[in-house]
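First the proteins, then the strands, lettered A, B, ... as listed; each starts at 1. Keep in mind the model is a prediction, meaning the values are calculated, not measured. Computation of the quantities below employed the complete heavy-atom set of this structure, encompassing side-chain atoms and omitting hydrogens, waters and symmetry-equivalent molecules.
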Protein chains: 2
Amino acid sequence: MNKRKELTMDKLREYLDKKNIHPSYHRLKILKYLMEHKTHPTVDMIYKDLSKEIATLSKTTIYNTLSLFLKEGIISCLTIDENKIMYDYNTKPHVHFICIKCGCVYDIHLKCPIFDKEIIEGHKITEYHIYLKGICKECLKNA
Amino acid sequence: MNKRKELTMDKLREYLDKKNIHPSYHRLKILKYLMEHKTHPTVDMIYKDLSKEIATLSKTTIYNTLSLFLKEGIISCLTIDENKIMYDYNTKPHVHFICIKCGCVYDIHLKCPIFDKEIIEGHKITEYHIYLKGICKECLKNA
DNA sequence: ATCATTGCAAACACTTTGCATACGC
DNA sequence: GCGTATGCAAAGTGTTTGCAATGAT
């Protein structure tokens, strides 16, 4: 989906239709949220934000929808923070960094040669996660 | 600690003493378990196995002990399986692979150039986790 | 009318906390 | 005896499940 195109509900509907996912209102809103918030939100964040707009939204629906999106491969999830699962509209393998002080998660734009391998030590690789932890540049500044 | 040396309780006691961790019986047993089971056990596995030997052992003690070991940097933990935390006596950065069919976790003996960097995009890195997911060689064989 | 989606409430699994007891020096 | 380690039970947190209500075609 072209970044420059506006995320109209019609475009999103089309997008889900192509993936054979019934484009219900809630699903469209959750997809839109993920596309517009590349900050690796948790279920809780999505719930807090979207329930302002959709008063009757339940967490179950968010769980259901995210599982569906995951299964269909249109989103991915990270476990860089051991306490919660974060969701990411970007499914291409990339590197994440989490600050152990402030908890911020950054995308790292670093090519990793491991991403090119399909078989490693006999195992077939389908997913790559690289998690770095430490002190982020902002926290380093303020130290 | 030299692999060839036997893991006597005395050696373990000495080891914890050096790290300024009071070497209680439970702590020694849990440390010994981690050293002898490099299979990335969960709290539950440690509890199931060790409570056979130590009838009064509680999970709280295992949680306490593992947090302490983590804090002191003598073990590390992995979140490759989003549903549970696994513990690893190996604290050197290395690569893990999990099979999405059988759930087995393998250590991958692969050098990764990212491990050599201390600063990436301005952030100070103190921990590296590389998680690969896919189908393990055993499951590939049986497919 | 039928089938899928939604949402509440309960169940679940894992982890942490509070506090009383036991242990070691 | 004092400070730490331990362990039970309860509370907390994040996620899943069962099932009834709602919605779309």
Side-chain angles (χ1 to χ4, degrees), chain A residues 9-10 12-13 16-17 19-33 40-72 74-87 103 105, chain B residues 9-10 12-14 16-17 19-33 40-72 74-87 103:
Chain A
M9 290 305 249
D10 274 353
L12 294 172
R13 204 182 314 273
L16 284 186
D17 253 337
K19 306 261 178 186
N20 287 312
I21 296 171
H22 177 79
S24 73
Y25 179 70
H26 293 83
R27 287 174 182 171
L28 291 170
K29 290 297 254 181
I30 293 169
L31 178 61
K32 188 162 186 273
Y33 185 89
H40 320 95
T42 62
V43 165
D44 227 58
M45 291 174 201
I46 302 172
Y47 178 73
K48 280 216 181 76
D49 283 351
L50 279 186
S51 58
K52 285 175 205 154
E53 281 181 67
I54 313 165
T56 64
L57 181 68
S58 85
K59 275 196 186 175
T60 307
T61 299
I62 299 176
Y63 278 110
N64 287 338
T65 303
L66 293 173
S67 309
L68 179 68
F69 288 175
L70 269 180
K71 187 164 69 78
E72 300 301 329
I74 71 178
I75 61 171
S76 62
C77 71
L78 10 169
T79 55
I80 192 169
D81 182 333
E82 54 247 44
N83 302 308
K84 52 193 164 209
I85 301 178
M86 304 172 117
Y87 294 87
V105 175
Chain B
M9 290 304 249
D10 273 353
L12 294 172
R13 204 182 314 269
E14 207 181 294
L16 285 187
D17 253 337
K19 305 260 179 187
N20 287 313
I21 296 171
H22 177 78
S24 74
Y25 179 70
H26 293 85
R27 287 175 180 171
L28 290 169
K29 290 299 253 181
I30 293 169
L31 178 61
K32 188 162 187 271
Y33 184 91
H40 319 95
T42 61
V43 165
D44 226 58
M45 291 176 201
I46 300 172
Y47 177 72
K48 280 215 180 76
D49 284 350
L50 279 186
S51 58
K52 284 176 206 153
E53 281 180 67
I54 313 166
T56 64
L57 182 68
S58 86
K59 276 197 186 176
T60 307
T61 299
I62 299 177
Y63 279 109
N64 287 340
T65 303
L66 293 174
S67 310
L68 179 68
F69 288 175
L70 269 179
K71 188 164 67 80
E72 299 301 327
I74 71 178
I75 62 172
S76 62
C77 72
L78 12 168
T79 55
I80 191 169
D81 181 333
E82 54 246 47
N83 303 306
K84 53 194 162 208
I85 300 178
M86 304 171 119
Y87 294 88

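- Remark: A:K84 NZ is loosely packed, at most 12 non-hydrogen atoms of other residues, nucleotides or ligands lying under 6.0 Å away.
- For the pair B:T56 and D:dG7, the criterion of a side-chain N or O lying under 4.0 Å from OP1 or OP2 is met.
- Look at CD1 on A:I30: it is 13 Å from P on C:dT5, rounded to the nearest Å.
- Rounded to whole Å, atom C1' of C:dG24 lies 12 Å from atom CZ of B:R13.
- Within the 4.0 Å cut-off from OP1 or OP2 of D:dG7, at least one side-chain nitrogen or oxygen of B:T61 is found.
- Here B:H26 does not reach the OP1 or OP2 of C:dC23: none of its side-chain N or O atoms lies under 4.0 Å away.
- When the side-chain nitrogen and oxygen atoms of A:H22 are compared with OP1 and OP2 of D:dT25, none of them lie within a distance under 4.0 Å.
- Atom pair A:R27:CZ and D:dG23:P shows a separation of 16 Å (rounding to whole Å applied).
- Using a 4.0 Å cut-off, no side-chain N or O of B:S24 falls inside it from OP1 or OP2 of D:dA5.
- Position along DNA chain D of the nearest nucleotide to A:K84 versus B:I21 favours B:I21 as the more 5'-ward residue.
- Looking only at side-chain heavy atoms (C-beta outward), B:I80 and B:H40 stay at 4.5 Å or farther from each other.
- The phosphate of C:dT16 has neither OP1 nor OP2 within less than 4.0 Å of any side-chain N or O from B:Y63.
- Residue-level contact check: B:T42 touches neither bases nor backbone, having no heavy atom under 4.0 Å from any strand.
- Between the base of D:dC8 and the side chain of B:T60 there is a donor-acceptor pair shorter than 3.5 Å.
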